[in-house]
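Some notes on the structure that comes next.
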Amino acid sequence: MFSFGGTYLMVYFVYIIIIIAFLDTFSQLPIIAPFAQELGASSLLIGLIIGTYSLANMVGNIIAGQWIDKFGRKKILVIGMLFVSVCLLGYTIVVTAKQLLLVRLIHGIGGGLLVPAAFAFLGDQARSTSRGKTMAFSGACVGISAIIGPAFGAITTQTLGIDWVFYIISVLFVLTAFIVIVTLKETYLPKRSNTHTLKLENIGKLLRLPPLINAYIGAFSLMLTLGILAFMLPLKIETTPYSIAVSGMLLSTFGITAILIFLLPTNRLFDQVKRENMVLIGMGFVTFALLMLGLIQHITLLFIAMIFYGIGFACIFPSVTALVIDHSHQNERGRAFGLFYAFFSLGVVTGSFVIGALNVAPSQGLLLGAIIMLVLTVVIRLRLKKTLFKKRSAFQ
């Protein structure tokens with residue numbers, strides 16, 4: 001039986017798994033709302049159908065974290081892929097909006113198993129001197145999925161019908177699960193004596209460790225503002241003379257910028273600059289970008305703002321994921337990444353809920369996003385100062 005025993009081969013294969021895992025989510029972005037509408041869902045129910053996936057994902061992330069550390073990375077990754085492949089087929093047989101809501105709920109829980117397991121794999125294989133670079137490449141994988149996924153979902157729906165989006169991705173997940181079973185070598189085999197100690201209360205330790213808290217805040221803020229951006233930017237473009245296609249080009253600009261930073265020699269910065277400092281720099285870029293987007297109308301400046309947003313995203317994502325690896329032991333890394341991606345999902349839900357509840361104009365929503373990011377930047381900065389003060393006091 002062939003296996004990816006070499007570290008480099010295994011890491012590259014996990015990158016492919018990450019692309020496929022996120023392809024599932026991104027391919028549905030342009031089709032779920034129209035699909036729900038065709039099934040007769042009200043505006044409120046459409047929002048619930050969209051948001052339920054992220055809420056269920058949080059539950060899946062936390063459950064996954066426990067199981068990944070108890071049973072190993074490979075088993076949970078395979079179970080998650082096979083479970084999601086079945087859930088995807090569920091979309092093809094629903095006939096009412098309530099049935100679609102139920103499928104989204106179950107799909108979200110299953111999808112929550114995949115990403116923490118994949119990133120725990122990466123964390124186990126990443127060298128201590130190149131963790132930032134390793135996670136930068138993982139960020140590029142997410143970016144690639146974000147570019148390919150929506151286009152695949154929209155084009156396939158238009159040419160073959162919406163069911164074929166779910167058929168194709170379901171088959172892709174089954175094939176990938178089979179390849180994982182045959183080729184991927186387990187990186188962590190928990191001792192039997194440890195399997196009984198993996199209780200939910202042990203999560204408390206991971207929620208109290210200062211560097212991990214900073215990582216969770218960074219993940220939450222990034223996805224919260226991204227949710228606001230995805231919600232408000234198309235609405236802002238509708239108030240200008242430009243076509244709706246411009247909003248897609250603007251969102252692609254930030255994605256392409258981030259991917260370039262992830263893949264070019266600039267990725268060395270993630271191992272040369274302190275993680276928390278990179279997070280703060282990234283949050284500063286995101287804050288400035290949202291301010292520009294909220295205050296200006298000129299198309300050239302809007303594209304420049306999205307380049308700044310892409311730089312900010314690129315600084316934050318690898319740094320917060322590397323923080324999780326740096327400050328979690330191998331026997332708790334699954335739980336650490338489970339919590340990390342739970343905060344990711346929480347950010348998505350919170351951003352869309354806050355903006356929807358306030359019912360603000362697009363420019364006001366973008367400015368509100370800038371204010372929230374600025375406040376969270378200050379929170380992390382104050383936390384770092386407090387930690388530094390405690391260290392200095394301990395040495396005196």
*For Ile169 and Ser27, run side-chain contact (heavy atoms from CB on, under 4.5 Å): C-alpha distance rounded to whole Å, both residues' side-chain angles, the deciding distance at 0.1 Å, then the answer.*
CA-CA 9 Å; Ile169 298 179; Ser27 65; 3.0 Å; yes
*asked:* One pair to check against side-chain contact (heavy atoms from CB on, under 4.5 Å): Phe254 and Leu233. What are the steps and the verdict?
replied: CA-CA 12 Å; Phe254 115 72; Leu233 187 61; over 6 Å; no
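- At a threshold of 4.5 Å between non-hydrogen side-chain atoms, the residues Asn57 and Val115 do not count as touching.
- Taking every heavy atom of both residues into account, Leu222 and Tyr309 meet most closely at O-OH, 3.9 Å.
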*side-chain contact (heavy atoms from CB on, under 4.5 Å) evaluation trace for Val59 with Ile63*: CA-CA 6 Å; Val59 177; Ile63 293 172; 3.7 Å; yes
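- Counting only heavy atoms from C-beta outward, the side chains of Ile311 and Phe288 never approach each other to under 4.5 Å.
- Heavy-atom minimum distance, Ile259 versus Gly143: CD1-C, 3.5 Å.
- At least one donor-acceptor pair closer than 3.5 Å links the side chain of His298 to the backbone N or O of Thr300.
- Ring geometry for His107 versus Tyr91: interplanar angle over 60°, hence perpendicular rather than tilted (30 to 60°).
- Lys236 places a side-chain heavy atom less than 4.5 Å from the side chain of Leu302.
- The nearest pair of heavy atoms linking Leu122 to Ser138 is CD1-CB, 3.7 Å.
- Other residues, nucleotides and ligands place more than 12 heavy atoms under 6.0 Å from the CD atom of Gln272.
- Distance alone, capped at 3.5 Å, is enough to place a donor-acceptor pair between the Asp271 side chain and the Gly132 backbone.
- Heavy atoms from other residues, nucleotides or ligands lying under 6.0 Å from CZ of Phe303 number more than 12.
- Here the closest heavy-atom approach between residue Met283 and residue Leu376 is recorded as CE-C, 3.6 Å.
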For residues 79-88, which side-chain donor-acceptor pairs fall under 3.5 Å, sequence neighbours excluded?
| residue | atom | partner | partner atom | Å |
| --- | --- | --- | --- | --- |
| Ser85 | OG | Leu82 | O | 2.6 |

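- Thr257 places none of its side-chain heavy atoms less than 4.5 Å from the side chain of Phe308.
- Note that the OG1 atom of Thr321 and the CZ atom of Phe270 stand 9.0 Å from one another [nearest 0.5 Å].
- Considering SG of Cys315 and CG of Asn277, their distance stands at 11.0 Å, rounded to 0.5 Å.
- The shortest side-chain heavy-atom distance between Leu89 and Phe166 does not fall under the 4.5 Å cut-off.
- Side-chain contact between Val378 and Leu382 is present, with at least one heavy-atom pair separated by less than 4.5 Å.
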*Derivation and outcome, side-chain contact (heavy atoms from CB on, under 4.5 Å), residues Leu293 and Leu250*: CA-CA 11 Å; Leu293 291 169; Leu250 286 166; 5.7 Å; no
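- Inter-residue side-chain proximity for Phe285 and Ile316 is flagged as unmet; no heavy-atom pair is nearer than 4.5 Å.
- In terms of the side-chain hydrogen bond (donor to acceptor under 3.5 Å, both in side chains) criterion, Lys74 has no residue partners (sequence neighbours excluded).
- Using the six-membered ring where Trp is involved, Phe340 and Phe337 have ring planes that are perpendicular, over 60° apart on the 30 and 60° scheme.
- Side-chain atoms of Arg104 and Gln28 form a donor-acceptor pair, as typed in the model, at a separation below 3.5 Å.
- Across every non-hydrogen atom of Ala336 and Ser328, the tightest pair is CB-CB, 3.8 Å.
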*Stepwise, does the ring pair (Phe, Tyr, Trp, His ring centres under 6.0 Å) test hold for Tyr341 with Phe119?*
CA-CA 10 Å; Tyr341 279 100; Phe119 275 81; 5.2 Å; yes
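- Taken together through direct or relayed side-chain contacts under 4.5 Å among Ile, Leu, Val, Met, Phe, Trp and Tyr, Val360 and Leu366 form part of one hydrophobic cluster.
- Distance check: Tyr15 OH to Phe137 CZ gives 6.0 Å after rounding to the nearest 0.5 Å.
- To the nearest 0.5 angstrom, Ile213 atom CD1 is 11.0 Å from Leu339 atom CG.
- Formation of a donor-acceptor pair under 3.5 Å by the Arg335 side chain with backbone atoms of Asn331 is found in this model.
- Salt-bridge check for Asp69 with Arg333: failed, with every basic side-chain N at 4.0 Å or more from each acidic carboxylate O.
- In terms of heavy atoms, Ile18 sits closest to Cys141 at CG2-CB, 3.9 Å.
- Cluster annotation: Ile155 is not connected to Ile19 through the hydrophobic network of ILVMFWY side chains, with a link wherever side-chain heavy atoms come within less than 4.5 Å.
- Residues Ile106 and Leu102 form a side-chain contact, since some pair of their non-hydrogen atoms from C-beta on lies under 4.5 Å apart.
- Criterion: ILVMFWY side-chain heavy atoms under 4.5 Å apart, direct or through other members. Under it, Leu290 and Leu301 are part of a common hydrophobic cluster.
- A single hydrophobic cluster is not seen to contain both Leu384 and Leu374; linkage of ILVMFWY side chains at heavy-atom distances under 4.5 Å, directly or through other members, places them apart.
- Atoms CD1 and CG, on Ile68 and Asn61 in that order, are 8.5 Å from each other to the nearest 0.5 Å.
- Ring-plane geometry between Trp164 and Tyr167 is classed as perpendicular, the angle between the planes exceeding 60 degrees on a 0 to 90 degree scale with a lower cut at 30.
- In this structure, Lys133 NZ and Thr266 OG1 are separated by 10.5 Å, a value rounded to the nearest 0.5 Å.
- In the hydrophobic clustering of this structure, Ile168 groups with Ile179; members are Ile, Leu, Val, Met, Phe, Trp, Tyr whose side-chain heavy atoms approach within less than 4.5 Å, directly or through other members.
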